[in-house]
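Each remark here refers to the structure printed beneath this line.
None of these values were measured; they are calculated from a predicted model.
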Amino acid sequence: MPHFAPPPPLMADPAPFWRNSFVHRLMLATLINQMENRLLAENSATHTLEHWLHEHGLLGRADTLRAERERTAQRLCPPDLAAALDLPTSQGEQCLRYRKIRLVAHNRTYSEAENWFVPERLTKPMTEALEQTDTPFGRVVAPLRFTRQLIRRETLWSPLPSLWEMQHHIPPSPDSTEAENGEDAALDLPPHFFRHIALLRRDDGTPFSLVVETYTPQSFAFTPPTVASS
């Protein structure tokens, strides 16, 4: 299976709230795990992400995420993923449509998504909305009462080094700036944290879409709690 690598989000770097300290790294690792578990437990990634952002003060009560669609994006579905859609042998890739979007709000990109869907398994208004508007995919197909089956998850970055629990001292990031400035340095965050690849099914069990969702650090761009010194 090819490695999915959406382009870096079109956004400014997050404000340096998170520091290169063990406590901040541990906080961030816990939060990433919490957010990912919520996404894995729910069927609508858009709704789950919005709820997270509302909880953490990154979206106002009346704010919603907006999809920015790349109108000219084209990409063939990897064969092993296309097989999960149970496409007619005579049509194959010809019956698939492709959509690529970013979920954004207030000039921040929170996730990026690639999506292959079978228009014949959706209603005509749904297909038109997906091809002609920037409405998030989950909102368009919500009337299908779809379910989500995880195919693969990828950890793209971890705040803690591998086997950190076996080390007597947690080293700073190998990044030279952080290593030089120690725990007072801002934590250098990558463009992406993790990725989910999932199959969406209608309530009758028919698969109709494959999604590849990649999440950015912007969902954690809030000030962490102050840790009282002992």
Strictly by salt bridge (Lys or Arg N to Asp or Glu O under 4.0 Å), give each pair with a member in residues 39-48 just once, sequence neighbours left out.
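Sorted pair list comes back empty.
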
Suppose the criterion is salt bridge (Lys or Arg N to Asp or Glu O under 4.0 Å): which pairs have a residue in residues 26-40, not counting sequence neighbours?
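Those involving residues 26-40 are Glu36-Arg153, Arg38-Glu55.
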
Check: Phe194 ring centre within less than 6.0 Å of His196 ring centre
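Yes; His196 has its ring centre under 6.0 Å from that of Phe194.
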
For Phe222 and Trp18, take the angle between the two ring planes, folded into 0 to 90°, and tell me which bin it lands in: parallel under 30, tilted 30 to 60, perpendicular over 60.
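Ring orientation of Phe222 relative to Trp18: perpendicular.
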
Any side-chain to backbone donor/acceptor pair from [X] onto [Y]? Under 3.5 Å, distance only.
| X | Y | result |
| --- | --- | --- |
| Ser158 | Leu160 | yes |
| Arg25 | Pro159 | yes |
| Arg202 | Arg121 | yes |
| Ser209 | Trp116 | yes |
| Thr216 | Gln218 | yes |
| Trp52 | Phe220 | no |

Polar contact flag, side-chain donor to acceptor under 3.5 angstrom, Thr46-Ser44
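Absent: no donor and acceptor within the cut-off.
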
If we count only N and O atoms by modelled type, under 3.5 Å, do the side chains of Thr214 and Arg195 hold a donor and an acceptor together?
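Arg195 and Thr214 do have a side-chain donor-acceptor pair below 3.5 Å.
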
Checking Phe208 now: which residues fulfil ring pair (Phe, Tyr, Trp, His ring centres under 6.0 Å) with it, not counting sequence neighbours?
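With neighbours one apart ignored, the set is empty.
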
Counterpart residues, ring pair (Phe, Tyr, Trp, His ring centres under 6.0 Å), relative to His54 (two or more places apart)
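Per chain and number, His54 pairs via ring pair (Phe, Tyr, Trp, His ring centres under 6.0 Å) with no residue.
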
In this structure, are over 12 heavy atoms from other groups packed under 6.0 Å from His47 atom NE2?
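Result for NE2/His47: open.
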
For a quick test of your reading: what N or O donor-acceptor pairs under 3.5 Å do the side chains of residues 27-34 make, sequence neighbours left out?
| residue | atom | partner | partner atom | Å |
| --- | --- | --- | --- | --- |
| Thr30 | OG1 | Leu26 | O | 2.9 |

Measure the CZ-CE distance between Arg139 and Met126 for me, rounded to the nearest 0.5 Å.
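If we round to the nearest 0.5 Å, Arg139:CZ and Met126:CE are 14.5 Å apart.
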
Going by the rule side-chain hydrogen bond (donor to acceptor under 3.5 Å, both in side chains), which residues pair with Asn43 if we only count those two or more places apart in sequence or in a different chain?
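Applying side-chain hydrogen bond (donor to acceptor under 3.5 Å, both in side chains) to Asn43 gives none.
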
